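Read through the structure below, which is laid out as structure tokens, and then see the notes.
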Amino acid sequence: MAKAKYKTKQMAELLTFLKSMQGNHVTVHDIGDYFSSRGISVGTTTIYRHLEKMVEEGVVAKYIVDGSSSACFEYLGEH
């Protein structure tokens with residue numbers, strides 16, 4: 001039995017932002033700025049949690065350049 005995907009307003013907004021940035025790498029800071037500009041209060045931990053879930057689902061790629069830089073994320077598309 002497949003596990004149902006958990007959708008929230010934040011998850012939907014995050015997906016909208018990532019789709020609009022397809023082909024570009026974004027950081028959690030970029031995403032936080034986007035939410036702030038839309039008047040949506042979302043914690044950094046919540047953003048990371050949603051991104052990690054999307055990485056597991058293969059919708060988003062995660063890139064780590066080195067140990068001191070922030071991870072970058074890129075929307076790959078839904079399969």
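Computed from heavy atoms alone, side chains included, the values below leave out hydrogens, waters and symmetry copies. Computed from a prediction, not measured in an experiment: that's the story for all the values here.
Here Asp30 pairs with Thr27 under the side-chain hydrogen bond (donor to acceptor under 3.5 Å, both in side chains) rule; sequence neighbours left out. For the side-chain contact (heavy atoms from CB on, under 4.5 Å) test, residues two or more places apart in sequence or in another chain that qualify with Thr46 are Val42, Arg49, His50. Qualifying salt bridge (charged side-chain N to carboxylate O under 4.0 Å, His left out) partners for Glu74, counting only residues two or more places apart in sequence or in other chains: none. Applying the side-chain contact (heavy atoms from CB on, under 4.5 Å) test to Asp33 and every residue at least two apart in sequence or in another chain returns His29. Residues that satisfy the side-chain contact (heavy atoms from CB on, under 4.5 Å) test with Thr44, not counting sequence neighbours, are Val28, Tyr48. Residues that satisfy the ring pair (Phe, Tyr, Trp, His ring centres under 6.0 Å) test with Tyr75, not counting sequence neighbours, are absent from this structure.
Nearest heavy-atom pair across Cys72 and His25 is CB-CB, 3.8 Å. Nearest heavy atoms, Val55 versus Ala61: CG2-C, 4.5 Å. Considering all non-hydrogen atoms of both residues, Ala71 and Ile64 come closest at CB-CG1, 4.0 Å.
A distance of 9.5 Å separates CZ in Phe17 from CD1 in Ile47, rounded to the nearest 0.5 Å. Atom NZ of Lys62 and atom CD of Glu56 lie 10.0 Å apart (nearest 0.5 Å). Note that the CG atom of Leu15 and the OG atom of Ser20 stand 10.0 Å from one another [nearest 0.5 Å]. Separating the CE atom in Met21 from the CD1 atom in Ile31 is a distance of 9.5 Å, to the nearest 0.5 Å. The CE atom of Met54 lies 4.0 Å from the CG atom of Leu14; values are rounded to the nearest 0.5 Å.
Legend: salt bridge (Lys or Arg N to Asp or Glu O under 4.0 Å) pairs involving residues 11-24, not counting sequence neighbours, sorted by first then second residue: Glu13-Arg38, Lys19-Glu78.
Considering only heavy atoms from C-beta on, Val26 stays 4.5 Å or farther from Tyr34 through its side chain.
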